[in-house]
Amino acid sequence: MSLLTILRYPDPRLHKVAKKVSVFDTRLKRLAEDMAETMYDAPGVGLAASQVDVHEQVIVIDTSDTRSDLRVFVNPELLWTSDERIIYDEGCLSVPGIYDGVERPARVRARAFDVDGKMFEVEADGLLAVCIQHEMDHLKGKVFVDYLSPLKRNRIKARMLKEERELQREKKRAS
C-alpha cells in the first residue's frame with residue numbers, strides 16, 4: 001500500500017466528474033487500499049478517488065472511533081433522502097483546516113458495489129449520512145465550499161492559495 005497525494009482546493013481537477021467503474025479487478029482493490037491508507041494517515045473519515053486525481057466513482061469511509069469500520073463504495077448512488085435536513089460542520093481533506101456548516105438531508109439510503117462487484121445498500125443518518133453525501137459530491141466535481149456564500153468561498157480560496165505559495169517557498173528553501 002502507499003500514500004496518495006490529496007489535491008488541494010482550488011485545484012481545478014477537484015471539479016472533474018468521475019466516471020463509473022466498469023472493471024472490478026486487483027487495480028481497483030489496490031486503489032481502495034491506498035485511498036484508505038491515505039485517509040487514515042491524513043487523518044480523515046472519508047476520501048473520494050477524485051481527491052487523489054483518479055476520476056472514477058470510488059469512495060472510502062470510516063466514521064468509527066476505532067478506525068475499524070472501513071466502507072468502500074464503488075459507483076454509489078442515492079436511492080432516497082429524507083425531507084428532514086441537518087446542518088453539519090463539515091471539513092475536507094482537500095480543504096485542510098476549514099470547517100463550515102452545510103445543510104443536507106439528515107438520512108439517506110445509498111446503493112453501491114464493493115471492490116468485488118457485489119451490490120449492497122446502506123441506510124445512514126448522522127455523520128455517516130453526511131459523509132456519504134460529501135464524498136459523492138466529490139465524484140460530481142463538487143467541493144463542500146461550493147455550498148457556502150461566494151464571499152466565504154473566495155476567502156477560503158485566497159487562504160488556500162496563500163498556504164500553497166508558502167508551502168512552495170518552504171520547499172525551495174529546503175532544497
Side-chain angles (χ1 to χ4, degrees), residues 1-64 67 69-82 88 90-96 98 100 102-105 107-125 127-148 153 156-157 160-161 164:
M1 292 195 298
S2 60
L3 293 178
L4 305 170
T5 301
I6 298 172
L7 300 176
R8 287 175 55 107
Y9 181 81
D11 191 308
R13 293 172 289 179
L14 289 168
H15 296 291
K16 287 178 79 171
V17 176
K19 294 181 176 9
K20 283 191 177 283
V21 171
S22 57
V23 178
F24 293 79
D25 58 4
T26 55
R27 185 201 64 82
L28 178 64
K29 289 177 184 171
R30 174 67 185 241
L31 173 63
E33 289 170 0
D34 290 348
M35 287 174 59
E37 182 179 0
T38 303
M39 174 190 70
Y40 289 132
D41 182 71
V45 296
L47 186 68
S50 299
Q51 292 176 268
V52 294
D53 204 20
V54 177
H55 302 283
E56 298 177 29
Q57 294 184 12
V58 181
I59 60 178
V60 295
I61 296 174
D62 187 343
T63 57
S64 70
R67 315 299 263 166
D69 189 25
L70 179 65
R71 299 168 187 244
V72 179
F73 296 75
V74 180
N75 299 338
E77 60 180 315
L78 289 178
L79 301 175
W80 172 84
T81 61
S82 67
Y88 204 94
E90 294 187 28
C92 181
L93 296 177
S94 292
V95 194
I98 304 292
D100 211 321
V102 175
E103 183 177 315
R104 297 185 185 272
R107 294 183 318 281
V108 299
R109 183 179 313 116
R111 176 187 306 147
F113 295 90
D114 65 17
V115 292
D116 296 313
K118 182 180 174 196
M119 185 184 290
F120 67 93
E121 289 186 16
V122 62
E123 286 200 30
D125 60 8
L127 178 58
L128 181 57
V130 168
C131 201
I132 290 170
Q133 294 171 83
H134 176 111
E135 299 309 331
M136 286 181 69
D137 276 350
H138 279 297
L139 302 179
K140 298 173 198 159
K142 193 166 189 172
V143 182
F144 91 96
V145 297
D146 294 335
Y147 288 99
L148 306 179
R153 199 168 41 251
I156 291 167
K157 183 177 183 178
M160 294 287 103
L161 289 171
E164 185 62 31

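All values below come from the heavy atoms of this structure, side chains included, with hydrogens, waters and symmetry mates left out.
Counting only heavy atoms from C-beta outward, the side chains of His134 and Arg104 approach each other to under 4.5 Å. The shortest side-chain heavy-atom distance between His138 and Ile59 does not fall under the 4.5 Å cut-off. Residues Tyr9 and Glu164 are not in side-chain contact: their nearest non-hydrogen atoms beyond the backbone lie 4.5 Å or more apart. Taking the side chain as every heavy atom from C-beta outward, Val52 and Ile6 approach each other to under 4.5 Å. Residues Lys29 and Asp116 have side chains in contact (heavy-atom distance under 4.5 Å, counting atoms from C-beta outward). When side chains are defined from C-beta on, Cys92 does not count as touching Ile98, because their heavy atoms never get closer than 4.5 Å. Within the 4.5 Å cutoff, no side-chain heavy atoms of Thr63 are placed close to those of Val130. Contact annotation: the side chain of Phe73 approaches that of Val122 to within less than 4.5 Å [non-hydrogen atoms, C-beta and beyond].
Within the structure, the salt bridge (charged side-chain N to carboxylate O under 4.0 Å, His left out) test picks out the following pairs touching residues 43-55 (sequence neighbours left out): Arg13-Asp53. Listed by first and then second residue, the side-chain hydrogen bond (donor to acceptor under 3.5 Å, both in side chains) pairs involving residues 37-49 are Tyr40-Asp62 (not counting sequence neighbours).
Contact detail for Gly46 and Cys131: the closest heavy-atom pair is CA-SG, 4.0 Å. The shortest non-hydrogen separation linking Lys20 to Asn75 is CA-OD1, 3.3 Å. Scanning all heavy atoms of the two residues, the minimum distance from Gln133 to Pro105 falls at OE1-CD, 2.9 Å. Of all heavy-atom pairs spanning Phe144 and Asp100, the tightest one is CE1-N, 4.0 Å. In plain terms, the two heavy atoms of Gly44 and Leu93 that are nearest each other are CA-CD2, 4.0 Å. Residues Ser50 and Ala18 approach most closely at OG-CB, 3.9 Å, considering heavy atoms.
To the nearest 0.5 Å, atom CD of residue Glu121 and atom CG of residue Leu79 are 5.0 Å apart. In this structure, Leu28 CG and Glu33 CD are separated by 10.0 Å, a value rounded to the nearest 0.5 Å. Interatomic distance, Met39 CE to Leu3 CG, rounded to the nearest 0.5 Å: 12.0 Å.
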Exercise for review: Just do the side chain to side chain contact (heavy atoms under 4.5 Å, CB included) check on Trp80 and Arg107 with the steps written out, would you?
Suggested key: CA-CA 8 Å; Trp80 172 84; Arg107 294 183 318 281; 3.9 Å; yes
Exercise for review: List the steps, then state whether side chain to side chain contact (heavy atoms under 4.5 Å, CB included) holds for Leu14 with Gln51.
Suggested key: CA-CA 6 Å; Leu14 289 168; Gln51 292 176 268; 4.3 Å; yes
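Looking at residues two or more places apart in sequence or on another chain, you find no side chain to side chain donor-acceptor pair (under 3.5 Å) involving Asp125. Residues passing the side chain to side chain donor-acceptor pair (under 3.5 Å) test with Asp114, sequence neighbours excluded: none. With sequence neighbours excluded, no residue forms a side chain to side chain donor-acceptor pair (under 3.5 Å) with Asp25. Arg109 pairs by the salt bridge (Lys or Arg N to Asp or Glu O under 4.0 Å) definition with Glu123, not counting sequence neighbours.
Salt-bridge annotation for Glu135 and Arg71: absent, with no side-chain N of the basic residue lying under 4.0 Å from a carboxylate O of the acidic one. Taking a cutoff of 4.0 Å between a charged side-chain nitrogen and a carboxylate oxygen, Lys140 and Asp146 do not qualify as a salt bridge.
Distance alone, capped at 3.5 Å, is enough to place a donor-acceptor pair between the Ser94 side chain and the Leu7 backbone. A donor-acceptor pair is defined here as one N or O able to donate and one able to accept, closer than 3.5 Å; no such pair exists between the side chain of Asp137 and the backbone of Lys142. Judged purely by atom type and a 3.5 angstrom limit, Gln57 has no side-chain atom pairing as donor or acceptor with the backbone of Leu139.
Ser64 pairs in a side chain to side chain contact (heavy atoms under 4.5 Å, CB included) with only one of the listed residues (Val45, Asp69, Leu70), which is Asp69. Partner of Glu56 under the salt bridge (charged side-chain N to carboxylate O under 4.0 Å, His left out) criterion, chosen from Arg27, Lys16, Lys19: Arg27.
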